[in-house]
Amino acid sequence: MILLGKINSLNIARKTDFGLYLTDDENNEVLLPNRYVERDMRIGDGIDVFIYKDSEDRLVATTETPKVQVGEFALLRVVATNNTGAFLDWGLQKDLLVPFREQKMRMQVNRSYIVYVYVDYNSDRIVASAKIDKFLDNRPADYKQGDPVDILVAQRTDMGYKVIIDNLHSGMIYHNEIFREINIGDRLEAYIKNIREDGKIDVTLADRADRRTMELADKILMHLLNHNRRMSITDKASPETIKSIFECSKKDFKKAIGHLYKKKLIILHPDEITMA
């Protein structure tokens with residue numbers, strides 16, 4: 001079956017004046033127009049192509065790779081609007097339509113929005129929607145703590161960032177667990193931190209080493225709270241002293257102290273550390 005809005009692996013079947021006809025295992029055909037045909041393409045070769053509809057609503061193939069496929073979310077820029085809706089740059093010659101009914105608010109040219117791409121089965125066309133919530137959390141989350149996942153950063157909030165997990169679920173990553181700069185539209189690898197009783201999912205960007213640093217940072221903060229918000233143990237202390245108090249290496253201790261300092265949770269003095 002040739003899948004609309006997806007990258008398909010097809011075979012070159014025959015050549016015409018208009019381009020190459022490609023077929024699937026069921027002998028369904030689609031045209032690869034001449035502008036995408038390369039000199040080294042031969043009859044019988046396998047080729048990966050994206051399938052969409054041209055301006056005359058005909059099924060065609062392209063060797064161009066879109067920024068997003070059907071069933072996926074992406075941050076895309078508006079390049080034009082008219083009385084039908086907004087048109088997004090998704091990396092192909094024909095722009096991607098967001099009908100007015102699928103806009104949360106009127107989209108503006110040169111602004112970028114998180115959208116979901118799908119086939120509108122009433123018109124049999126590929127379209128996008130900015131009303132992304134209706135495409136999320138429509139199946140139970142089948143994750144365990146620590147599972148690796150792919151996320152798309154969708155929205156900044158006071159607590160952190162809302163993210164889209166594996167093109168299926170909504171999730172949250174908190175500011176105090178972010179070790180690097182991230183931006184709306186970034187695609188990142190993350191890890192399941194927690195699935196709450198209400199079904200909401202928390203994720204973390206931290207790998208095992210980073211999670212160990214955060215756990216140690218929490219332990220240092222608790223030590224400070226239990227000792228009048230100050231301690232004489234600094235990164236100048238001996239490895240033996242650090243290990244006896246915090247059960248960690250000096251290297252991990254220095255990394256945790258650096259994390260707390262960057263987060264402005266502690267103040268470093270020549271001979272002591274205090275809480276900010």
Can you tell me how far the [atom1] atom of [X] sits from the [atom2] atom of [Y], to the nearest 0.5 Å?
| X | Y | atom1 | atom2 | answer |
| --- | --- | --- | --- | --- |
| L205 | D186 | CG | CG | 9.5 Å |
| L75 | S112 | CG | OG | 4.5 Å |
| K255 | S249 | NZ | OG | 10.0 Å |
| T81 | Q103 | OG1 | CD | 8.5 Å |
| Y21 | L32 | OH | CG | 11.0 Å |
| L152 | N167 | CG | CG | 7.5 Å |

Residues 5-13 side chain polar contacts: donor-acceptor under 3.5 Å, at least two apart:
residue: K6; atom: NZ; partner: V70; partner atom: O; Å: 2.8
residue: N8; atom: OD1; partner: L3; partner atom: N; Å: 2.8
residue: N8; atom: ND2; partner: L3; partner atom: O; Å: 3.0
residue: N8; atom: ND2; partner: K6; partner atom: O; Å: 2.7
residue: S9; atom: OG; partner: D48; partner atom: OD1; Å: 2.6

Heavy atoms, side chains only, cut-off 4.5 Å: are [X] and [Y] in contact?
| X | Y | value |
| --- | --- | --- |
| R139 | L168 | yes |
| Y191 | V203 | no |
| V30 | V49 | no |
| R111 | M107 | no |
| I184 | Y161 | yes |
| M222 | N226 | yes |
| M214 | T204 | yes |

- Message: Quick check on N82: does its CG atom have over 12 non-hydrogen neighbours (other residues, nucleotides or ligands) under 6.0 Å away?
- Response: yes
- Task: With sequence neighbours left out, write down each residue that passes ring-ring contact (aromatic ring centres under 6.0 Å, His included) with F100, or none if nothing qualifies.
- Result: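 For F100, no residue satisfies ring-ring contact (aromatic ring centres under 6.0 Å, His included) once neighbours in sequence are set aside.
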- Message: Going by the rule ring-ring contact (aromatic ring centres under 6.0 Å, His included), which residues pair with Y113 if we only count those two or more places apart in sequence or in a different chain?
- Response: none
Per the salt bridge (charged side-chain N to carboxylate O under 4.0 Å, His left out) rule, what does the pair list look like for [range], sequence neighbours excluded?
| range | answer |
| --- | --- |
| residues 225-234 | R230-E272 |
| residues 161-175 | none |
| residues 65-92 | K67-D89 |

Below 3.5 Å, can you tabulate the donor-acceptor pairs from side chains in residues 36-46 to any protein atom, sequence neighbours excluded?
residue: R42; atom: NH1; partner: R39; partner atom: O; Å: 2.5
residue: D45; atom: OD2; partner: R42; partner atom: N; Å: 2.9

- How does the hydrophobic cluster around I233 look, that is, which other residues are in it when side-chain heavy atoms under 4.5 Å mark a link?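 Answer for I233: L216, I220, L221, L224, L225, M231, I242, I245, F246, F253, I257, L260, Y261, L265, I266, L268, I273, M275.
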Are [X] and [Y] in one and the same hydrophobic cluster, where Ile, Leu, Val, Met, Phe, Trp and Tyr link if side-chain heavy atoms are under 4.5 Å apart?
| X | Y | value |
| --- | --- | --- |
| L4 | Y118 | no |
| F73 | V78 | no |
| L96 | V109 | yes |
| Y121 | V117 | yes |

Closest non-hydrogen atom pair between [X] and [Y], with its separation:
| X | Y | answer |
| --- | --- | --- |
| P33 | A61 | CD-O, 3.2 Å |
| G71 | Y116 | CA-OH, 3.3 Å |
| V68 | W90 | O-CE3, 3.7 Å |
| K236 | P270 | NZ-O, 3.5 Å |
| L97 | G85 | CD1-CA, 4.1 Å |

Main-chain N/O of [Y] paired with [X] side-chain donor or acceptor, under 3.5 Å:
| X | Y | value |
| --- | --- | --- |
| H169 | V163 | no |
| D271 | S232 | no |
| N194 | D202 | no |
| Q145 | K193 | yes |
| K250 | A237 | yes |

- Item | Test salt bridge (Lys or Arg N to Asp or Glu O under 4.0 Å) applied to R14 - qualifying residues, sequence neighbours left out |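 With sequence neighbours excluded, R14 shows a salt bridge (Lys or Arg N to Asp or Glu O under 4.0 Å) to E29, given in chain and number order.
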- Item | Results of salt bridge (Lys or Arg N to Asp or Glu O under 4.0 Å) for K219 - residues two or more places apart only | E247
- Under the side-chain contact (heavy atoms from CB on, under 4.5 Å) rule, what do I267 and H269 come out as? Steps first, then yes or no, please. CA-CA 6 Å; I267 300 172; H269 304 277; 3.5 Å; yes
- Under the side chain to side chain donor-acceptor pair (under 3.5 Å) rule, collect the residues that match up with Q93, sequence neighbours excluded.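 With sequence neighbours excluded, Q93 shows a side chain to side chain donor-acceptor pair (under 3.5 Å) to R35, given in chain and number order.
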Pairs of donor and acceptor atoms involving the side chains of residues 123-134, under 3.5 Å and at least two apart or interchain, shall be tabulated with distances.
residue: S123; atom: OG; partner: D120; partner atom: OD2; Å: 3.2
residue: D124; atom: OD2; partner: K53; partner atom: NZ; Å: 3.0
residue: R125; atom: NE; partner: D57; partner atom: OD1; Å: 3.4
residue: S129; atom: OG; partner: E102; partner atom: OE1; Å: 2.5
residue: S129; atom: OG; partner: K131; partner atom: N; Å: 3.0
residue: K131; atom: NZ; partner: R101; partner atom: O; Å: 2.8
residue: K134; atom: NZ; partner: E102; partner atom: OE1; Å: 3.0
residue: K134; atom: NZ; partner: E102; partner atom: OE2; Å: 3.2

